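The chains referred to below are lettered A, B, ... by the order of the sequence lines, with proteins before strands, and numbering in each begins at 1. Because the structure is predicted, anything quoted here is derived from the model rather than measured.
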Number of protein chains: 2
Amino acid sequence: MSILFSRQCEYAIQAVLFLALKPEGERVPTNALTRRLKIPYHFLGKILQSLTRKGLLRSEKGPKGGFSLALPPEDITLFHIVEAIDGDAFTRSCVLGFPECSGKNPCSVHETWGKQRDQIYQMLVSRNIGEMARDMKRPEYRSKAH
Amino acid sequence: MSILFSRQCEYAIQAVLFLALKPEGERVPTNALTRRLKIPYHFLGKILQSLTRKGLLRSEKGPKGGFSLALPPEDITLFHIVEAIDGDAFTRSCVLGFPECSGKNPCSVHETWGKQRDQIYQMLVSRNIGEMARDMKRPEYRSKAH
DNA sequence: GTATATTCAGACAAAGATATCTGAAAAGAA
DNA sequence: TTCTTTTCAGATATCTTTGTCTGAATATAC
Ligand code: FES
Ligand code: FES
């Protein structure tokens, strides 16, 4: 079980962060991404495809083709990606699974969870993926050689 | 998609909280639970069965049979239930889905998520299900008539 | 003992998420 | 034009989660 985000969404985030490290406009083919990030090729293809449909990425066909960000990295947050793939239901739903989440019929952790949900939301919107990618310490994102 | 906990786990929590409201040792048959909580009958049966195997519940067959808590409600936390159903992987895994989560190769949100993960863990262990059940404002748990 | 209410166990079905395969379409290079 | 590289699109496969069905075992009530 993946926590918080679906597998698709995790892959999407990993891929977009990788794109954010490239000079603006540079196209990266799918297989350069899967080689680095160990994501199944065709699965990633479908994910990038839907991000393109949502307007987050741009795609070019043919040789020298590939995917690139449709916006400057400074204008994209993790929340944009999460929203595009998993939706924003988590901002509204009860963590214990009750039909609806509101102060009217609160569950036992409604107050506590409410605060934490806000913090998670802040984590997703307060930084742009440009700086996040540059801060990234993981080896997949560091060495320049491919 | 359910956030944080699997559907099974959500159902387990809802059911155990219900049992915690009953006088100690009182047996509650599965269908009394499903009627109140709108959980599919046989699915809940399997869930309660595994909680029994894990030692959280006790079951009795025959008329006047049913499920009851194996421990006093004051000794059970949400974490016991989550651990029994979903496991404790969330306490150790990277929220962006990278292979492992450690300070050695941190992802961009490792620090932030680390704090929030601790808070979520605290939410799960700091209160027992006895008090949580009594605080519960949701109608499923209030009216005594069945 | 017989009937009834219930858990227990396992097989099965349906749905959703994840992953793979194949071929068409498009762009560039020769 | 022809060939190659790559995205795009859709069909299919596999796995996991969720949910259903059936019957056996067990304990109580009669
Ligand atoms: S009602 Fe459960 S989190 Fe709001
Ligand atoms: S490495 Fe991502 S949360 Fe720790």
> What pair of heavy atoms forms the shortest contact from Leu48(B) to Ala15(B), and how long is it?
Replying inline: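 Heavy atoms only, the tightest pair is CD2-CB, 4.2 Å.
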
>> Side chain of Ser6(A) only, heavy atoms from C-beta on: which candidate in dT4(C), dT18(C), dT18(D) is closest?
In response: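 Closest nucleotide among those given: dT18(C).
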
> How do Gln8(A) and Gly62(A) order along DNA chain C: which one's closest nucleotide is nearer the 5' end?
Replying inline: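 Its nucleotide being nearer the 5' end, the pick is Gln8(A).
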
Anything under 3.5 Å between a donor and an acceptor, one on a side chain of residues 76-84 of chain A, the other on a protein residue two or more places apart or in another chain? List them.
from     : atom 1 : to       : atom 2 : distance (Å)
Thr77(A) : OG1    : Phe79(A) : N      : 3.3
Thr77(A) : OG1    : His80(A) : N      : 3.4
Thr77(A) : OG1    : His80(A) : ND1    : 3.3
His80(A) : ND1    : Thr77(A) : N      : 2.9

> In terms of ring plane angle, is the pair Phe18(B) and Tyr141(B) parallel, tilted or perpendicular, where the classes change at 30° and 60°?
Replying inline: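 Geometry flag for Tyr141(B) against Phe18(B): tilted rings.
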
Expressed in angstrom and rounded to an integer, what is the separation of [X] atom [atom1] from [N] atom [atom2]?
{"X": "Leu33(A)", "N": "dT6(D)", "atom1": "CG", "atom2": "P", "value": "13 Å"}
{"X": "Lys61(A)", "N": "dA27(C)", "atom1": "NZ", "atom2": "C1'", "value": "9 Å"}
{"X": "Arg27(A)", "N": "dT5(D)", "atom1": "CZ", "atom2": "C1'", "value": "13 Å"}
{"X": "Glu60(A)", "N": "dA29(C)", "atom1": "CD", "atom2": "P", "value": "13 Å"}
{"X": "Lys64(A)", "N": "dC3(D)", "atom1": "NZ", "atom2": "P", "value": "23 Å"}
{"X": "Leu48(A)", "N": "dT18(C)", "atom1": "CG", "atom2": "P", "value": "15 Å"}

Please list, pair by pair, any protein nitrogen or oxygen found under 3.5 Å from a nitrogen or oxygen in nucleotides 19-24 of chain D.
from    : atom 1 : to       : atom 2 : distance (Å)
dG19(D) : OP2    : Tyr11(B) : OH     : 3.4

> Of Gln8(B), Gln14(B), Arg7(B), which is the lone residue that meets side-chain hydrogen bond (donor to acceptor under 3.5 Å, both in side chains) with Glu10(B)?
Replying inline: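 The residue from Gln8(B), Gln14(B), Arg7(B) that satisfies side-chain hydrogen bond (donor to acceptor under 3.5 Å, both in side chains) with Glu10(B) turns out to be Arg7(B).
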
> Under a 4.5 Å cut-off applied to non-hydrogen side-chain atoms, are Cys101(B) and Trp113(B) in contact?
Replying inline: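 Result no, sub-4.5 Å side-chain heavy-atom pair not found.
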
Show me, pair by pair, the donor-acceptor contacts under 3.5 angstrom made by side chains of residues 24-33 of chain B, not counting sequence neighbours?
from     : atom 1 : to       : atom 2 : distance (Å)
Arg27(B) : NH1    : Lys64(B) : O      : 3.3
Asn31(B) : OD1    : Arg35(B) : NH2    : 3.0

> Which part of the nucleic acid does Gly66(A) contact within heavy-atom distance under 4.0 Å: base, sugar-phosphate only, or nothing?
Replying inline: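 Sugar-phosphate, no base atom in range.
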
Hey, is the side chain of [X] poking within less than 4.0 Å of OP1 or OP2 on [N], counting only N and O atoms?
{"X": "Gln49(A)", "N": "dA9(D)", "result": "yes"}
{"X": "Arg53(A)", "N": "dT7(D)", "result": "no"}
{"X": "Thr30(A)", "N": "dT7(D)", "result": "yes"}

> Taking NZ, NE, NH1 and NH2 as the nitrogens, is one of them in Arg134(A) or Glu131(A) under 4.0 Å from a carboxylate oxygen of the other?
Replying inline: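 Glu131(A) and Arg134(A): not salt-bridged.
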
